Amino acid sequence: MRNALRWLLALTVLIGTLGTAGAATAAEPEATARTTGTTDTTDIKDRLLSVPGMSLIEEKPYPGYRFFVLNYTQPVDHRRPSKGTFQQRITVLHKDVARPTIFFTSGYNVSTTPRRSEPAQIVDGNQVSMEYRFFNPSRPDPADWSKLDIWQAASDQHRIFKALKGIYAKNWISTGGSKGGMTATYYERFYPRDMDGVVAYVAPNDVVNKEDSAYDRFFGHVGTKECRDRLNGVQREALVRREPLEKRYAEYAAAQGLTFDTVGSLDQAFEAVVLDYVWGFWQYSLLKDCDKIPADAKKATDEEIWKSVDAIVGFSAYADQGLEPYTPYYYQAGTQLGAPTIGFPHIEQEYIRYGYLPPRNFVPRSIPMTFQPWAMRDVDTWVRHNARHMLFVYGENDPWGAEPFRLSRGAKDSYVLTAPGMNHGANVAGLAPDQKSLATARILDWADVASPSVQANESTARPLAEFDPKLDKRDVERERSLRP
């Protein structure tokens, strides 16, 4: 993933899709607490709080659902559970224990506002969402950063699933976008018997950290030449005008109280922001948005160059205040996930002082880091040959899709699909019609809610829940710094 942006599969991406007729309706609390074949009428809140280690933070109302924000006690080290615990936030969007359950994570913080992922809308089900370990407040104190790795996080998910499977006994599907899609994939690799399916959106797969030519090829062909020329022109011009723009940056930083101890200097932060500009555009924007980019950068004013870069990347991205909330991500990028690096053939070398900085530059030096090159190779090999009921969705114009997951003959009922013209917000709804039907039908089948007509003809597959513009918010949420 690329250094600041370069990696970060933006966002916390919560994706939804347009739906049609709703299939199941939320019942009263007593009724929704029932499990199939039983007469248990215990209120769902009481059932959740009966799970050892589970505690309530708050319940928020939402029509047709019960929404709970909870803490769950997790071991800091799943290999040595007696060596300390921490509180991990989760949320439960409860519909009915007789419906399937979607296990969602963004790979970052959990949203404490009711939201429904696209698979949850498709299957009209419950949703359990997990905050990734070490993102505040789900961080052990003191923090032993060596316990932040993909296996420990997958073990968090496994333990939550085991705790709640007795309540939500129907089929489960894991999902997430960007780093959340990666998280769902890693969970499947380490605990392949937990889930009945996986829907991973825009999940980067940086298998060999030092080989990043796929990204250079992507930026050489994405969109149109006119759009690429506009973007490249603004990026180059921002570095050519480094002196006046950095003067403004210093004023901006002073006014905002920004500091640059972690990255090293304002100069390094400035260049990092500018070098993220083209990547950030394609991650968050569509081809039609090229009209907003100055057509002739050399004739643009300093103000126009500043505003364009700030709108797409954000000049606070590499300040200490912008980096701190994402320290866990940068730590993982520098220890296991990898960080793409790209070239800038349109910029003379004299204007680039640092180039893409590695993740080590975005993590405080007090936190030790050692890269593990085998981690992503292991996951990639496993997915290629062992994927079962896995769906990967990518956006045609999303840089993070330049190195996607791929499948080989050993994969069963698994798919890699690309949404034409879409960015980092790519979803099933954005796929070509035949692929959209295929993906929807497979999700319904994995959740065990596919109707006989869908089983006979996948082209009839539709989301079971009606679209809710508030609950199914699916726009890519632009971050003030970029990552998967």
Side-chain angles (χ1 to χ4, degrees), residues 1-13 178 202 204 215 218-219 222-224 226-242 244-246 248-249 252-253 256 258 263 266 268-298 300-319 321-323 326 340 342 344 346-347 351-352 355-357 362 395-402 421-426 475-484:
M1 315 207 155
R2 171 186 158 201
N3 83 61
L5 119 90
R6 324 163 212 224
W7 359 341
L8 262 167
L9 315 109
L11 13 278
T12 306
V13 181
S178 197
V202 294
Y215 298 97
F218 171 88
F219 285 110
V222 63
T224 64
E226 178 187 1
C227 186
R228 295 194 301 272
D229 287 347
R230 285 190 179 201
L231 292 165
N232 290 344
V234 171
Q235 186 178 56
R236 177 186 179 277
E237 199 64 23
L239 293 178
V240 170
R241 305 186 198 185
R242 185 189 292 256
L245 291 180
E246 282 199 3
R248 173 164 181 172
Y249 193 19
Y252 169 81
Q256 299 295 320
L258 303 180
V263 72
L266 181 146
Q268 288 173 292
F270 175 85
E271 183 170 294
V273 169
V274 173
L275 293 185
D276 278 352
Y277 176 74
V278 174
W279 186 300
F281 175 87
W282 293 112
Q283 177 169 337
Y284 290 120
S285 307
L286 300 174
L287 183 59
K288 63 181 178 64
D289 297 317
C290 279
D291 291 342
K292 302 174 185 176
I293 305 302
D296 188 343
K298 291 183 178 180
T301 64
D302 288 355
E303 178 72 9
E304 289 172 324
I305 298 296
W306 171 276
K307 284 186 174 180
S308 188
V309 174
D310 190 44
I312 289 174
V313 185
F315 276 103
S316 63
Y318 293 96
Q321 293 74 14
L323 291 173
Y326 301 102
I342 62 174
F344 301 92
H346 57 284
I347 303 175
Y351 296 119
I352 299 178
Y356 262 14
L357 297 172
F362 307 119
E396 179 186 17
N397 291 342
D398 177 22
W400 291 108
M422 292 200 72
N423 58 15
H424 206 52
D475 293 335
V476 181
E477 296 185 13
R478 183 182 296 277
E479 299 284 351
R480 295 307 288 171
S481 60
L482 306 177
R483 68 204 123 267

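Bear in mind the structure is a predicted one, so any value in this text is a computation, not a measurement. Just so you know, these numbers use all the heavy atoms, side chains as well, and skip hydrogens, waters and symmetry mates.
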Quiz item: With R248, which residues qualify under salt bridge (charged side-chain N to carboxylate O under 4.0 Å, His left out), at least two apart?
Solution: E303
Shortest non-hydrogen separation from [X] to [Y] and the atoms involved:
| X | Y | answer |
| --- | --- | --- |
| V263 | Q268 | O-OE1, 3.0 Å |
| P244 | R241 | CD-O, 3.1 Å |
| V202 | G395 | CG1-N, 4.1 Å |
| V273 | V309 | CG1-CG1, 3.7 Å |
| A253 | L266 | CB-CD1, 4.4 Å |
| V234 | A297 | N-CB, 3.6 Å |

Answer yes or no: is there a donor N or O on one side and an acceptor on the other, between the side chain of [X] and the main chain of [Y], under 3.5 Å?
| X | Y | result |
| --- | --- | --- |
| N423 | L286 | no |
| D310 | W306 | no |
| Y215 | A402 | no |
| E271 | G355 | yes |

Validation row: [X], [Y] side chains within 4.5 angstrom (heavy atoms):
| X | Y | answer |
| --- | --- | --- |
| Y284 | I312 | no |
| F270 | L239 | yes |
| Y356 | F344 | yes |

Practice problem: Tell me, please, which residues at least two apart from D229 pass side chain to side chain contact (heavy atoms under 4.5 Å, CB included). | Solution: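 Counting only residues at least two positions away or on another chain, D229 forms a side chain to side chain contact (heavy atoms under 4.5 Å, CB included) with K225.
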Roughly how far, to the nearest 0.5 Å, is [atom2] of [Y] from [atom1] of [X]?
| X | Y | atom1 | atom2 | answer |
| --- | --- | --- | --- | --- |
| S308 | R230 | OG | CZ | 10.5 Å |
| K298 | I305 | NZ | CD1 | 12.0 Å |
| L357 | L275 | CG | CG | 8.0 Å |
| Q235 | I347 | CD | CD1 | 4.0 Å |
| F218 | D398 | CZ | CG | 6.5 Å |
| Y252 | L245 | OH | CG | 14.0 Å |

Exercise. Quick one: do I293 and C227 satisfy side chain to side chain contact (heavy atoms under 4.5 Å, CB included)? Show the steps, please.
Key: CA-CA 8 Å; I293 305 302; C227 186; 5.8 Å; no
Exercise. Name all residues meeting the ring pair (Phe, Tyr, Trp, His ring centres under 6.0 Å) criterion together with Y351; count only those two or more places apart in sequence or in a different chain, and write none if there are none.
Key: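 By the ring pair (Phe, Tyr, Trp, His ring centres under 6.0 Å) rule, Y351 matches no residue at all.
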Practice problem: Would you check if the distance from the ring center of F219 to the ring center of W282 is below 6.0 Å? | Solution: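 Here the rings of W282 and F219 have centres that are no less than 6.0 Å from each other.
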Quiz item: Does atom CD of E226 have more than 12 heavy-atom neighbours from other groups under 6.0 Å away?
Solution: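 No, the 6.0 Å shell around CD holds no more than 12 heavy atoms from other groups.
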